[in-house]
Each structure stands twice: as C-alpha cells, then as structure tokens.
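Heads up, the thing below is written out as structure tokens.
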Amino acid sequence: MFTDEYFMKMALQEAQIALEKDEVPIGCIIVSNNRILAKAHNLTETLNDVTAHAEMQAITSAANFLGGKYLQNCTLYVTLEPCVMCCGALNWSQISKVVIGARDEQRGFINKNLQLHPKTEIVLGVMENKCSVIVKEFFKSKR
C-alpha cells in the first residue's frame, strides 16, 4: 500500500511533468504520516533560476504547509540523488528520511563526501532503473 515504491511512482510523475516542460526530468515529493505535503519538479528553465531544483521547490512548499522550517517526521522521495546545494538544504531542514531513486555519480552529494543531518535516514535505489532511464533519455535527446 504506502511503500517507498508507491511514493517514488508519484515522484516519477513529477519528473514526467518536468520532462513535458523540457526541464531536466527530476521529481520530488515530501510525505509525513503517509500524507503528501509537497510535490515538485525541476523548474530551473521555467523560472530562469539555477536554484529551482525539485528538492528546493518541495522543501519550501512543505515548510510553508507545515508553518515551520524543519521537516522532522517527513520523508523526501526524489528520482535522482540530490546535488550539493540540495544536500545542504535537506541538512538544514532536518528531514527524517530521504529516499533516492537513481544515483548521480557526477553531481550527487554522496561522492562529494557530504552528509545529510546525522538523524536523517537514506535509502538508495528505489525504482532505480525507471528513475535513471528518464534522465538518461532526456540528455540523450539533447545531444
């Protein structure tokens, strides 16, 4: 029922929306107690803003919904491993859990030896193939 795969499918739907807008197809949702607090996708091209990553959009939306800056007892589902900027924002948000679809070996935070908040649980590889394919196909079409 409410599994990591269930929520990652919703993040993939957000990635598809980004793809339709010719944005890098990364999607993200934030959940608390099986309730979706925020849905987001990349908007860097639409907003002409390099900080408009899916995670940043979702963090802001969830914080506004909750009326506070901390996302304790929340889980973020994201189709691609967060970058250094998003890692920093997730760290400051004190989010409880981050579920990542596909790794980003070049720009992701893990290979940069960065960490999230010490209490944040990280789960890797949920629906990894589907999350990876949508990004790879997008960049393949651009070359």
Side-chain angles (χ1 to χ4, degrees), residues 1-47 49-112 114-117 119-143:
M1 190 171 164
F2 293 117
T3 63
D4 286 344
E5 289 79 13
Y6 174 85
F7 289 116
M8 189 60 76
K9 284 180 186 174
M10 292 184 164
L12 274 164
Q13 290 172 352
E14 288 296 313
Q16 185 63 41
I17 293 168
L19 181 65
E20 291 166 9
K21 294 179 178 180
D22 203 31
E23 295 275 359
V24 176
I26 298 170
C28 180
I29 65 167
I30 296 179
V31 176
S32 182
N33 297 317
N34 294 323
R35 181 178 178 199
I36 297 169
L37 306 182
K39 295 181 184 182
H41 51 272
N42 271 8
L43 288 171
T44 58
E45 300 301 323
T46 302
L47 299 177
D49 179 356
V50 296
T51 69
H53 290 192
E55 300 95 324
M56 301 297 279
Q57 301 297 309
I59 290 166
T60 299
S61 182
N64 285 337
F65 180 83
L66 293 171
K69 60 186 174 183
Y70 297 117
L71 300 179
Q72 297 156 333
N73 303 313
C74 294
T75 301
L76 177 133
Y77 293 86
V78 63
T79 57
L80 189 68
E81 177 184 341
C83 71
V84 171
M85 173 184 68
C86 294
C87 173
L90 289 165
N91 184 359
W92 285 111
S93 79
Q94 299 181 19
I95 196 152
S96 298
K97 183 177 176 183
V98 174
V99 179
I100 299 168
R103 291 283 313 277
D104 185 346
E105 301 292 334
Q106 291 181 329
R107 294 180 180 243
F109 76 94
I110 295 171
N111 283 353
K112 307 285 190 234
L114 297 175
Q115 297 177 358
L116 298 174
H117 190 272
K119 294 182 181 178
T120 301
E121 175 188 354
I122 300 174
V123 177
L124 297 170
V126 175
M127 298 185 67
E128 182 173 10
N129 189 50
K130 287 187 179 187
C131 292
S132 177
V133 165
I134 191 170
V135 174
K136 286 179 180 175
E137 290 297 318
F138 173 79
F139 284 112
K140 193 174 170 183
S141 74
K142 295 292 181 190
R143 293 184 179 113

Side chains of [X] and [Y], heavy atoms from C-beta outward: is any pair under 4.5 Å?
X    : Y    : answer
C74  : S32  : yes
N42  : P25  : no
L37  : L66  : yes
V78  : H53  : no
F109 : I100 : yes
V24  : T44  : no
Q13  : I29  : no

For the student: nearest non-hydrogen atoms of [X] and [Y], plus distance:
X    : Y    : value
L124 : R103 : CD2-CD, 3.9 Å
P82  : E55  : CA-OE2, 3.3 Å
A54  : A40  : O-CB, 3.4 Å
A38  : A62  : CB-N, 3.8 Å

Check: [Y] main-chain N/O paired with [X] side-chain donor or acceptor under 3.5 Å:
X    : Y    : answer
K112 : Q106 : yes
N64  : T60  : yes
T79  : G27  : yes
S93  : L90  : yes
T120 : I95  : yes
E23  : E45  : yes
E81  : D104 : yes

How long is the gap from [atom1] on [X] to [atom2] on [Y], to the nearest 0.5 Å?
X   : Y    : atom1 : atom2 : value
L19 : S141 : CG    : OG    : 7.5 Å
I36 : F2   : CD1   : CZ    : 8.0 Å
D4  : K97  : CG    : NZ    : 4.0 Å
I26 : H41  : CD1   : NE2   : 12.0 Å
L43 : T51  : CG    : OG1   : 10.5 Å
M8  : C28  : CE    : SG    : 9.0 Å

Is E5 atom CD crowded by more than 12 heavy atoms from other residues, nucleotides or ligands, each under 6.0 Å away? yes
CG (N34) with more than 12 external heavy atoms under 6.0 Å: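 Buried by this count: over 12 neighbours within 6.0 Å.
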Under 3.5 Å, side-chain donor or acceptor atoms of residues 125-137 against the rest of the protein: list the pairs with distances, not counting sequence neighbours.
unit_1, atom_1, unit_2, atom_2, d
S132, OG, K136, NZ, 3.4

Can you list everything that forms a ring pair (Phe, Tyr, Trp, His ring centres under 6.0 Å) with Y70? Sequence neighbours excluded, please. none
Walk me through whether K119 and S96 qualify under side chain to side chain contact (heavy atoms under 4.5 Å, CB included). CA-CA 7 Å; K119 294 182 181 178; S96 298; over 6 Å; no
Does the side chain of N111 pick up a donor-acceptor pair with the side chain of E105 at under 3.5 Å?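 Looking only at side-chain atoms, E105 and N111 do form a donor-acceptor pair, the distance falling under 3.5 Å.
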What verdict does the salt bridge (Lys or Arg N to Asp or Glu O under 4.0 Å) test give for D22 and K142, after you've listed the backbone C-alpha separation in whole Å, the side-chain angles of each residue and the deciding distance to 0.1 Å? CA-CA 10 Å; D22 203 31; K142 295 292 181 190; 2.7 Å; yes
Aromatic plane relationship, F7 with Y77 - under 30° parallel, 30 to 60° tilted, over 60° perpendicular: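 Rings of Y77 and F7: tilted, as their planes differ by 30° to 60°.
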